[in-house]
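Step one of this worksheet: look at the structure below.
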2 protein chains.
Amino acid sequence: MKNLSLKQLRYFEALALHSHFGRAANACAVSQPALSVQIRDLEISLGAKLFERGARRARLTSFGEEFALRVRLILRSVDELSELALASRDRLVGRLRIGIIPTIAPYLLPAIIGNMTRMHDGIDLQIRETLTPQLVEELIEGRLDAAIVALPISEPSLTEVTLFEENFVLVRPDRDAGKPVPNRKALREMKLLLLEEGHCFRNQALSFCNIASSRPREILDASSLATLVQMVGAGMGVTLIPEMAIAVETRSAPVSIARFSAPQPTRTIGMIWRKTSPLSKQLIEISEIVRQSAAALEPCDQALAATPDTLAQQP
Amino acid sequence: MKNLSLKQLRYFEALALHSHFGRAANACAVSQPALSVQIRDLEISLGAKLFERGARRARLTSFGEEFALRVRLILRSVDELSELALASRDRLVGRLRIGIIPTIAPYLLPAIIGNMTRMHDGIDLQIRETLTPQLVEELIEGRLDAAIVALPISEPSLTEVTLFEENFVLVRPDRDAGKPVPNRKALREMKLLLLEEGHCFRNQALSFCNIASSRPREILDASSLATLVQMVGAGMGVTLIPEMAIAVETRSAPVSIARFSAPQPTRTIGMIWRKTSPLSKQLIEISEIVRQSAAALEPCDQALAATPDTLAQQP
DNA sequence: TCACAGTGATAATTTGAAATTATGAAAAAT
DNA sequence: ATTTTTCATAATTTCAAATTATCACTGTGA
């Protein structure tokens, strides 16, 4: 037994409307026999007559009327499907799940969320903040659509786009503000406070100092940059933070910021997503929004650049 | 651009469920390429990707999930269509519009309605009581599904089935109860009360008496058998009524009933419907119900038969 | 009553869509 | 590196659906 088709339902609706095979066929832009046969097949597959064929007109049986009610609803729902597709063709729609590493999130998120909701109104933006390996795993498993991390990730299944480069700056107690900026070697002898194991920023800082991350040191690990800065303010040592964090984190502690000379420590922040993601087009667009959001934070950087060696920031 | 089909939606649903082309195809009892191509075509015609093809599994995009929600509802509605058809295949369903002539309706209707609702629970039975020409017209126009009338109708477009034969009996004032039953000739000289013009029963009665319906007579036409009987009870004349009406109509008037001898006046009651009606099968079944409903009224007839010449009915 | 127009069903044929089998390419697993 | 898994693609076949042509039935009007 053949299955009923949408085409049959559309023919049926037309015939129910026109009560006339010829006119209904015309409305469907097909020949009369085409419609006749489809209606007949529909009735056969239903096992019930839908129309009563009179000499002058075809009228619905009571079953046909019952049927027509439901068919109308179904066809309208199907039409809505196409409309839905049309509406969400270029516009980003629905849920978008983005992961961000903790050493970026607090500083970039407000701007990102603001710009995203402004440019893609009605989007359901879900943010997940956690460490890079976790983000990559969730991304690969399809539990995230994209992630903002430090590059490179070097997962072959992921696309990476660079968002921006950011320098690290030295954070030291206020009383050290005037002192010369230590070089990498000198830094190695100082009490360097770091984030706890797992943060990519920890390894990036260590690698700048040429310290093997495995090497045992008398360091107190913190779980956030905010804590690190507070620890520095309390005179427990020095630390590095991404320049993006300066504005937020140094406001509430008696610390001074110093930019390193020449071979500045730096890292590349980028966005990653599955190569197979059908959102690629939109994600590239989103990466541009993120890039602009980050650039809008630059003024603070400019200020730093103006006083290349040291810069004190007071609460 | 090709239109989307139910088949595509079913394939889509299967793939959304299994997240795997091979298994989804298997579930649909088709080959994997068949399903792949249909999904691809669906995505093309929508202009949006529904699935993200990973190496290990195909997962829904967020648009795909939105889509799946709607598709699920649509497919369930379509499935219901078939179920609806199945349910109403043999069972009579929905509205059934039956017309009945006034000289039958009051006596047969209670039984018909009772039996119909008992045997076809949930049916929407609509009854129309009016004169034969009106019923035939409405039937032909499709405003009625069937009618119960006196045969023959001789409309080539209508099917007629006989339900039963019913005799006419003489109704005369109580005081005449003992008198001999008049024959047709004697009846012609009596004051015969009749229904008003238009009732088939009027003509049937006249024709029994061999009186041309056009011939002017000093008769007072009534609009119902009930009125006729009351008029007889008031001594205004005699009348004929169908035997089916005896029980109901003679209960509240001082009249006596007399059955005619040998060539009893009679009429054939039948059911008619459009030859083209797809309800034919069910209507035949219904005619059987009506026939049985009428037969169940017989006991009254039996009583008459036991006292062949006269029978007095008192309130 | 007889042709005639209107209407829908049916048949033969063509067209087109969707299935199958076979095969290829990419990624994952071994 | 090799094998396996998985999906896409191509060529072909199969089946459904369209078209044109024609017939049968109905009701209408001359």
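Model, not experiment: these values are computed from the prediction. Below, chain A is the first sequence line, B the second, and so on; all start at residue 1.
I39(A) places its CD1 atom 15 Å from the C1' atom of dT7(C), with the value rounded to the nearest Å. Atom CG of N26(A) and atom C1' of dG6(C) are 15 Å apart (whole Å). Taking atom CD1 of residue I140(A) and atom P of nucleotide dA27(C), one finds them 13 Å apart after rounding to whole Å. dA18(C) atom P lies 12 Å from atom CG of L9(B), rounded to whole Å. The CZ atom of F12(B) sits 20 Å away from the C1' atom of dA18(C) (whole-angstrom rounding). L6(A) places its CG atom 15 Å from the C1' atom of dA17(C), with the value rounded to the nearest Å.
With sequence neighbours left out, the salt bridge (Lys or Arg N to Asp or Glu O under 4.0 Å) criterion links E129(B) to no other residue. Listed by chain and number, the residues in a side-chain hydrogen bond (donor to acceptor under 3.5 Å, both in side chains) with E137(B) amount to none (sequence neighbours excluded). The side-chain hydrogen bond (donor to acceptor under 3.5 Å, both in side chains) search around R40(A) returns none, not counting sequence neighbours. E196(A) is linked by a salt bridge (Lys or Arg N to Asp or Glu O under 4.0 Å) to nothing, counting only residues two or more places apart in sequence or in another chain.
Pairs passing the salt bridge (Lys or Arg N to Asp or Glu O under 4.0 Å) check and including a residue from residues 4-28 of chain B, sequence neighbours excluded, read R10(B)-D79(B), E13(B)-R76(B).
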- Message: Output one letter per nucleotide in nucleotides 7-18 of chain D: B when a protein non-hydrogen atom lies under 4.0 Å from the base, S when only the sugar-phosphate is that close, - when neither is.
- Response: BBB-------SS

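Side-chain contact check for S277(B) versus D145(B): every heavy-atom pair is 4.5 Å or farther apart.
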